[in-house]
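Accompanying notes for the structure given below.
A, B, ... follow the sequence lines: proteins, then strands. Residue 1 opens every chain.
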There are 2 protein chains.
Amino acid sequence: MAKLKPRTLSGFMELLPAPQQQMERMMETLRRTYALYGFTPLDTPAVEAAEVLLAKGGGETEKQIYRFQKGDSDLALRFDLTVPLAKYVALNYGQLSFPFRRYQIGKVYRGERAQRGRFREFYQADIDVIGDGTLDIVNEAEIPAIIYQTFTSLGLHRFQIRVNNRKILNGFYAMLGLSDRAGAIMRTVDKLEKIGPDKVRAVLTEEDGLDAGQADAVLAFTQIQGSNDAVLAALEEYRGKDVLFDQGLEELRTVTRYLAAFGVPQSHFAVDLTIARGLDYYTGTVYETTMLDHPEVGSICSGGRYDNLAEYYTDKALPGVGISIGLTRLFYVLNEQKMLNPALPTAPADVLVLPMSPEELDYAISAATRLRAAGIRTQLYCEQKKFKAKISYAAKLGIPFVLFLGGSEREAGTFSLKDLRTGEQSTLSPDETVAAVRAYLAESAAIAPVVER
Amino acid sequence: MAKLKPRTLSGFMELLPAPQQQMERMMETLRRTYALYGFTPLDTPAVEAAEVLLAKGGGETEKQIYRFQKGDSDLALRFDLTVPLAKYVALNYGQLSFPFRRYQIGKVYRGERAQRGRFREFYQADIDVIGDGTLDIVNEAEIPAIIYQTFTSLGLHRFQIRVNNRKILNGFYAMLGLSDRAGAIMRTVDKLEKIGPDKVRAVLTEEDGLDAGQADAVLAFTQIQGSNDAVLAALEEYRGKDVLFDQGLEELRTVTRYLAAFGVPQSHFAVDLTIARGLDYYTGTVYETTMLDHPEVGSICSGGRYDNLAEYYTDKALPGVGISIGLTRLFYVLNEQKMLNPALPTAPADVLVLPMSPEELDYAISAATRLRAAGIRTQLYCEQKKFKAKISYAAKLGIPFVLFLGGSEREAGTFSLKDLRTGEQSTLSPDETVAAVRAYLAESAAIAPVVER
């Protein structure tokens with residue numbers, strides 16, 4: 001029969017078993033951490049009516065979306081988890097309790113041009129807190145704690161959470177009478193690092209239409225840097241000139257004030273006025289998270305406060321705050337940087353049970369059943385192979401323990417347990433065997449999926 | 001602004017938060033159980049090249065598949081997890097160790113006609129063991145243990161695993177010289193319950209072309225019922241007439257012989273010669289699992305032994321054995337039958353922390369941080385609402401504990417913990433609070449997601 005060449009689409013991550021175990025551990029860590037903060041898991045369809053997904057319409061999204069007909073239905077694959085959340089909250093508004101805190105870890109789809117490190121199917125891991133009409137600022141103050149806990153639980157420590165407030169930016173531009181040009185100005189200011197202050201000033205005055213005083217004021221504002229206290233002190237100089245600005249400054253002070261109580265070290269947090277994010281969506285605190293040793297990766301966790309989650313579907317005011325981790329891309333980057341912890345167990349089982357002859361099969365099955373009842377992941381290996389091939393199977397998969405069961409073990413009711421990492425072999429009672437493997441499991445449960453070098 | 005009516009496509013399950021927690025617990029139970037038996041998790045794309053998914057071609061699959069173009073690519077959503085596994089194993093053959101044991105819990109897509117209880121997007125939860133050239137019969141004997149452990153872990157006890165062997169069926173038809181008509185005959189015999197033995201005999205002789213002796217032999221074979229021992233004894237009468245039959249009988253004996261060692265009670269297992277399953281795919285042991293009180297649901301876990309997992313992609317002989325649970329449908333059925341355990345905690349948090357005034361905010365944040373560090377799912381509630389509304393928020397979500405923090409608690413360094421289930425309130429030290437909540441968590445961890453009435 002003619003064979004079809006098996007292949008996986010480019011831009012679609014498909015992992016071998018060992019890295020998949022790393023990925024699973026990362027997802028499990030995210031689920032556990034998000035749950036610790038009172039977020040409930042949601043699972044929405046990957047396919048939605050195209051008109052629902054594209055209610056907002058426009059631009060890049062529409063070009064990248066996977067859209068197709070089935071019968072009379074115009075369908076599409078979701079391109080993020082925010083639009084489905086908006087639909088979900090609008091649809092189930094009467095049955096939800098607010099603030100509604102949900103997490104979702106799911107695949108989304110974007111038909112981008114394929115290139116290395118860009119994915120067309122990728123996991124996002126999102127949390128959002130949605131208020132009904134209002135939402136307390138403490139929810140915004142809590143987000144850095146969640147980001148901090150998430151990454152340290154993954155084993156990542158050299159990162160910084162950078163925070164700004166859109167009201168400060170918008171209020172500042174309002175002071176200068178530049179509200180209508182804020183977008184263009186911020187895009188120009190964004191080039192500061194690349195082209196330097198002189199060229200930025202030139203673009204501001206020549207292209208963005210600022211006068212010299214305005215351009216100086218904008219440049220001076222971008223120079224506000226330093227410790228959190230220094231930045232806040234510098235911002236105080238602008239207080240009293242714009243209501244929105246003052247409100248943003250208060251919010252920023254609240255967010256920074258409770259960091260210690262939330263368990264976030266100052267070292268991992270920075271007020272950074274250059275952070276703007278989605279210009280037409282976020283309205284309060286905005287967040288980015290950067291790896292200190294890999295700034296080139298960009299933000300690995302971003303989000304912010306918004307005023308209207310579901311304005312395309314409902315008149316209800318649904319303010320919220322949320323963050324998103326691009327998990328597939330993060331995994332890709334960590335792998336590229338050799339930061340996936342090789343010490344993390346990736347074997348499919350903790351123990352491989354080897355009956356030495358068919359006479360021990362009954363005994364071997366009982367042994368495996370005993371270990372499984374104790375919560376030990378156990379594989380029974382009964383293939384007709386040479387002894388060396390069996391050991392090499394365990395070694396290749398990284399299975400730490402092999403249980404040999406021959407006639408003498410069967411008669412004595414004992415197990416011979418070999419630790420493949422040390423080569424040590426001991427004859428143990430079933431209980432001792434369970435205790436030995438459990439000691440290993442307790443140790444390995446503490447191993448984080450990410451390691452820094 | 002004109003609003004778009006939010007909606008979720010029909011045939012796509014989207015759960016409210018509480019049932020979603022039930023579903024999550026079921027998935028977690030499946031992951032844990034599958035892992036106990038040495039299966040490693042895989043995650044393959046939901047989108048594949050259409051030609052890869054349709055390599056086998058034909059029939060219903062092609063009609064139901066979601067297929068679409070993106071640029072020059074002819075794509076499709078996967079309709080099961082077996083074809084992607086076959087592709088994966090063929091593609092990564094050199095990097096896998098065999099037997100390769102994988103589980104996958106993932107969404108699949110079938111554009112069936114929408115009707116109640118039928119889903120177009122649904123989870124399958126599959127395990128497969130794939131051998132390289134050969135695969136020991138013990139792998140087939142182990143499957144009933146996995147099915148048994150899976151359903152009892154979910155909280156389901158009134159079910160039966162029904163097992164047959166295709167070699168017995170094929171061998172039996174070969175004895176009668178009816179190999180080429182086995183398919184048609186089995187379809188006729190399948191109507192036994194519906195139309196009775198006389199009409200079946202009539203169809204066998206008039207439509208399927210059997211002579212009277214053959215029809216009697218077929219009908220006699222279908223009458224083999226009773227205890228496992230009785231069925232096996234009856235099958236012994238046919239031994240020695242066909243090599244394949246004898247081999248199947250040996251396999252069936254092996255599968256039944258080790259049940260006790262694998263921890264499967266006889267009560268949950270039945271040899272059932274009426275089970276055939278996919279006629280052109282399975283070649284050895286076949287499995288079905290039925291709920292004793294809900295036979296109308298059909299099999300909730302099915303599978304079997306096959307000889308060639310990936311014949312469309314490779315010349316390598318890759319025999320395997322696998323089972324699949326239609327998780328979304330199972331969840332739907334359990335919900336319809338009111339078998340989702342209402343005692344299973346579905347709250348987003350274990351503790352709701354309520355600062356009594358803004359003065360206690362710092363103290364409340366520290367309290368929440370302390371509880372989270374102890375692994376307790378904690379939500380900080382700071383919305384400006386009346387006291388009653390806050391309590392009712394916790395009650396509606398089923399959050400079992402509320403932590404009140406006022407001035408006296410702050411000054412004394414204590415927490416006031418209210419158990420909303422009993423109404424009891426106590427003033428405790430932080431350590432005592434952690435201990436009290438942990439006692440509840442230990443209890444509730446033992447609650448299964450399914451309950452029988």
Check your understanding: Given that the side chain runs from C-beta out, which part of A:L42 has a heavy atom under 4.5 Å from chain B: side chain, backbone, both or neither?
Key -> both
Check your understanding: Under a 4.5 Å heavy-atom cut-off, does chain B meet the side chain of A:T314, its backbone, both or neither?
Key -> backbone
**Study point:** Heavy-atom contact with chain B under 4.5 Å, split by part of A:K87
**Key:** both
Practice item. Verify the neighbour count for atom NZ of A:K385: are there more than 12 heavy atoms of other residues, nucleotides or ligands below 6.0 Å? Key: no
Check your understanding: chain B heavy atoms under 4.5 Å from A:Q149: which part of the residue, side chain, backbone, both or neither?
Key -> neither
Revision key, fill the gap. d(B:S73 OG, A:R120 CZ) to nearest 0.5 Å is 6.5 Å
Review point. Between B:F68 and A:F68, how do the two ring planes meet: parallel, tilted or perpendicular, split at 30° and 60°?
Key: parallel
Check your understanding: Quick one: what part of A:R370 sits under 4.5 Å from any heavy atom of chain B, side chain, backbone, both or neither?
Key -> neither
Review point. For A:L371, is it the side chain, the backbone, both, or neither that has a heavy atom closer than 4.5 Å to a heavy atom of chain B?
Key: neither
Revision key, fill the gap. Rounding to 0.5 Å, atoms CG (B:N139) and CD (A:E383) come to a distance of 5.0 Å
Exercise for review: Name the option with the most non-hydrogen atom pairs under 4.5 Å to chain B; the candidates are A:L380, A:I399, A:I137, A:L352.
Suggested key: A:L380
Check your understanding: B:F262, B:Y103, B:Y381, B:Y363: which one forms the most heavy-atom pairs within less than 4.5 Å of chain A?
Key -> B:F262
Point to revise | Interchain contact, B:F122 with chain A, by part (heavy-atom threshold 4.5 Å) | key: neither
Practice item. Just give me the residue among A:D350, A:L135, A:V351 that pairs up with chain B most often, heavy atom to heavy atom, under 4.5 Å. Key: A:L135
Exercise for review: Please confirm whether the backbone N or O of B:A261 pairs with a side-chain atom of A:T369, one donor and one acceptor, at under 3.5 Å?
Suggested key: yes
Check your understanding: Do the charged groups of B:E14 and A:R78 touch, with an N to O distance under 4.0 Å?
Key -> no
Review point. Which bit of B:A260 is near chain A, if near means a heavy-atom gap under 4.5 Å: side chain, backbone, both or neither?
Key: neither
Point to revise | Closest-packed option against chain B by number of heavy-atom pairs under 4.5 Å, given A:S392, A:P17, A:A86 | key: A:P17
**Study point:** CA sep, side-chain torsions, deciding dist, call: A:E121, B:K70, salt bridge (charged side-chain N to carboxylate O under 4.0 Å, His left out)
**Key:** CA-CA 13 Å; A:E121 177 189 67; B:K70 178 80 183 172; over 6 Å; no
Revision key, fill the gap. From the list A:K396, A:E24, A:M23, the residue making the most non-hydrogen contacts under 4.5 Å with chain B is A:E24
Point to revise | Modelled atom types, side-chain donor and acceptor of B:Q20 and A:T40, under 3.5 Å | key: no
Point to revise | Those residues that, when tested against B:Y37, pass side chain to side chain donor-acceptor pair (under 3.5 Å) (two or more places apart) | key: none
Review point. What part of A:I65 gets closer than 4.5 Å to chain B, counting heavy atoms only: side chain, backbone, both or neither?
Key: backbone
Point to revise | Leading residue by heavy atom contact count with chain B [cutoff under 4.5 Å; candidates A:A18, A:A349, A:G131, A:A35] | key: A:A35
Exercise for review: Let me know if A:L16 has heavy atoms under 4.5 Å from chain B in its side chain, its backbone, both or neither.
Suggested key: both
Practice item. Would you give the length of the straight line joining atom CZ of B:F12 to atom CD of A:E48, rounded to the nearest 0.5 angstrom? Key: 8.5 Å
Study note, to complete from the structure: So, the part of A:P99 with a heavy atom under 4.5 Å from chain B: the answer is both
Check your understanding: At a heavy-atom separation under 4.5 Å, does A:V47 approach chain B through its side chain, its backbone, both, or neither?
Key -> both
Review point. Quick one: what part of A:F39 sits under 4.5 Å from any heavy atom of chain B, side chain, backbone, both or neither?
Key: backbone
Point to revise | Segment of A:M13 engaging chain B (4.5 angstrom heavy-atom cut-off) | key: backbone
Revision key, fill the gap. Turns out that what part of A:A347 lies under 4.5 Å from chain B's heavy atoms comes down to neither
Review point. Can you tell me if B:Y312 uses its side chain to pair, donor with acceptor, with the backbone of A:P6 under 3.5 Å?
Key: no
Exercise for review: Sort A:Y34 into side chain, backbone, both or neither according to what part of it lies under 4.5 angstrom from a heavy atom of chain B.
Suggested key: neither
Point to revise | Atom pair OG1/CG of A:T254 and B:L361 - distance to nearest 0.5 Å | key: 9.0 Å
